[in-house]
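All residue numbers in this chain count up from 1 along the given sequence.
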Amino acid sequence: MENSVKKKRILTEVHEFMRLHHYSIHTERTYCDWIRKFILFHNMKGRKELLATPEKKIEEYLTYLAERKNVAKATQNQAMNALVFLYKKILVIPLDGSINAVRARRKINIPVVLTQDEVVNVFASMSGVTELVVKLIYGSGLRVMEAVRLRIQDIDFGYRQVTVRSGKGDKDRVTPFPVALEALLKNHIEKVEVTHKQDLKQGYGDVYLPNRLSQKYKNASKESGWQYVFPARNLSVDPRSKVKRRHHIDPSVVNKAIKVAIRRANIDKKVSAHTFRHCFATHLLQRGTDIRTIQTLLGHNDVATTMIYTHVLNQGGYGVKSPLDDLLS
């Protein structure tokens with residue numbers, strides 16, 4: 001009994017701290033999940049055990065993730081960040097000792113990319129809001145969460161650009177808006193605004209605002225510009241504030257629609273919403289756009305991350321023609 005009480009109290013402190021400092025709910029859930037797994041791994045029954053030799057405990061757990069669970073480097077780093085957060089922010093203990101865990105190997109994965117014809121076939125197999133979301137992901141190089149979190153005011157039809165707010169790494173960036181979507185998206189937004197007015201009449205219409213914007217701008221949460229471009233079909237209760245409001249559509253809805261479309265288009269590739277972001281970058285490279293520009297549009301910190309798309313262009317293995325083609329041509 002004591003074990004569950006202690007762990008629950010620690011996680012409660014994590015929840016409260018992260019909500020007070022406006023961490024995203026996804027980060028909150030991820031960190032709490034890693035902290036819970038860490039406590040269970042060491043079978044710790046109380047705070048005293050957490051405080052004893054923290055560097056050694058973290059090192060053992062990270063090594064376990066690398067050697068036994070065979071996690072990716074990014075996954076191990078995520079776990080490390082969660083545990084450092086636990087000790088520095090919640091337990092307020094400096095980690096002065098070294099943490100020499102076995103590091104997970106970084107695996108270079110060549111992204112799956114569709115040809116332009118395949119992209120057209122997928123679009124032809126989709127319809128409705130999910131089709132619009134996927135076209136925007138491909139046309140602007142967005143991550144799926146960036147797409148579903150877009151607010152109406154983030155799309156500038158005049159300058160033909162999309163502003164991504166608080167993207168990965170909490171950075172803002174600007175990316176091109178596909179003119180081909182202008183009429184469709186304007187029509188869609190008109191429908192969203194009609195739904196918003198209906199919500200207001202029924203006593204709702206309040207949307208979640210990031211950070212402390214709801215305190216700074218009292219009425220902003222009910223303004224049309226702050227509403228999500230792709231709102232959910234139904235109202236739901238916010239897990240933090242317990243306020244009933246209309247959130248954005250869930251990314252899983254988009255990926256399920258893509259899965260159905262891929263099957264209809266008879267494409268034998270493993271495709272998700274993120275694939276269309278890969279297609280955006282690769283097709284820009286094929287068109288002659290320089291790699292630094294693509295890096296900026298994608299929001300990558302390091303150009304080395306963007307360089308992975310050059311591997312896709314080297315079709316046939318570094319651009320080498322197979323000797324069999326010489327024999328049979």
Side-chain angles (χ1 to χ4, degrees), residues 72 74 107-150 162 168 175-188 191 229-233 248-289 291 294 297-298 300 305-329:
K107 183 181 178 182
I108 299 177
N109 293 312
I110 303 298
V112 173
V113 175
L114 301 174
T115 65
Q116 290 181 327
D117 287 341
E118 286 173 332
V119 171
V120 170
N121 290 337
V122 173
F123 290 161
S125 301
M126 301 187 74
S127 62
V129 174
T130 50
E131 178 191 1
L132 197 52
V133 175
V134 177
K135 283 183 174 179
L136 195 56
I137 290 173
Y138 172 71
S140 299
L142 306 178
R143 299 176 178 89
V144 64
M145 282 304 300
E146 293 172 345
V148 299
R149 284 177 176 172
L150 280 177
V162 176
K168 192 172 183 180
T175 189
F177 171 75
V179 181
L181 284 185
E182 183 171 349
L184 285 172
L185 198 58
K186 281 184 176 179
N187 183 56
H188 169 77
K191 294 178 181 178
V229 176
F230 303 109
R233 181 175 299 177
H248 57 67
I249 63 171
D250 193 277
S252 64
V253 174
V254 180
N255 277 311
K256 286 177 183 176
I258 290 172
K259 188 175 181 180
V260 172
I262 289 297
R263 187 166 60 247
R264 288 175 179 170
N266 294 316
I267 296 174
D268 295 321
K269 292 181 180 179
K270 189 175 181 181
V271 178
S272 68
H274 206 69
T275 304
F276 292 91
R277 176 173 155 90
H278 294 323
C279 294
F280 167 84
T282 305
H283 295 169
L284 282 182
L285 274 176
Q286 288 176 324
R287 206 169 68 183
T289 307
I291 196 73
I294 296 173
L297 295 177
L298 293 176
H300 289 162
T305 306
T306 318
M307 288 295 291
I308 192 67
Y309 298 109
T310 61
H311 293 285
V312 179
L313 292 185
N314 292 327
Q315 298 170 5
Y318 298 98
V320 176
K321 184 179 179 181
S322 170
L324 183 63
D325 291 332
D326 292 330
L327 294 178
L328 301 181
S329 60

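- Interatomic distance, Ile258 CD1 to Phe276 CZ, rounded to the nearest 0.5 Å: 5.0 Å.
- Under the 4.5 Å side-chain criterion, counting only non-hydrogen atoms from C-beta, Val113 is not in contact with Lys269.
- Val254 and Ala273 make their closest contact through CG1-CB, 4.4 Å (heavy atoms, listed as atom of the first residue, atom of the second, distance).
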Exercise. Check the pair Val253 / Lys256 against side-chain contact (heavy atoms from CB on, under 4.5 Å), numbers first and verdict last.
Key: CA-CA 5 Å; Val253 174; Lys256 286 177 183 176; 5.9 Å; no
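- No hydrogens or angles considered: a donor-acceptor pair under 3.5 Å links the side chains of Ser252 and Asp250.
- Asn121 and Ala265 make their closest contact through O-CB, 4.0 Å (heavy atoms, listed as atom of the first residue, atom of the second, distance).
- Rounding to the nearest 0.5 Å gives a distance of 15.0 Å between OG1 of Thr275 and CZ of Phe280.
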Output a table of donor-acceptor pairs, distance under 3.5 Å, between side-chain atoms of residues 129-150 and any protein atom two or more places apart or on a different chain; print 'none' if there are none.
residue: Thr130; atom: OG1; partner: Ser127; partner atom: O; Å: 3.3
residue: Glu131; atom: OE2; partner: Lys135; partner atom: NZ; Å: 2.8
residue: Tyr138; atom: OH; partner: His283; partner atom: ND1; Å: 2.8
residue: Ser140; atom: OG; partner: Pro176; partner atom: O; Å: 2.8
residue: Arg143; atom: NH1; partner: Glu146; partner atom: OE2; Å: 2.6
residue: Glu146; atom: OE1; partner: Arg143; partner atom: N; Å: 2.9
residue: Glu146; atom: OE1; partner: Arg173; partner atom: NH1; Å: 3.4
residue: Glu146; atom: OE1; partner: Arg173; partner atom: NH2; Å: 2.9
residue: Glu146; atom: OE2; partner: Arg173; partner atom: NH1; Å: 2.9
residue: Arg149; atom: NH2; partner: His26; partner atom: NE2; Å: 3.4

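- In this structure, Asn187 and Leu184 have side chains that are not in contact, with every pair of non-hydrogen atoms separated by 4.5 Å or more.
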Practice problem: Tell me, with the steps shown, if Lys270 and Ile262 meet side-chain contact (heavy atoms from CB on, under 4.5 Å). | Solution: CA-CA 9 Å; Lys270 189 175 181 181; Ile262 289 297; over 6 Å; no
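- For the atom pair Gln286 CD and Gln116 CD, the distance stands at 6.0 Å (nearest 0.5 Å).
- Pairing each heavy atom of Ala261 with each of Met126, the nearest pair is CB-CG, 3.4 Å.
- The structure places CD1 of Ile291 at 4.5 Å from CG of Leu285, a figure rounded to the nearest 0.5 Å.
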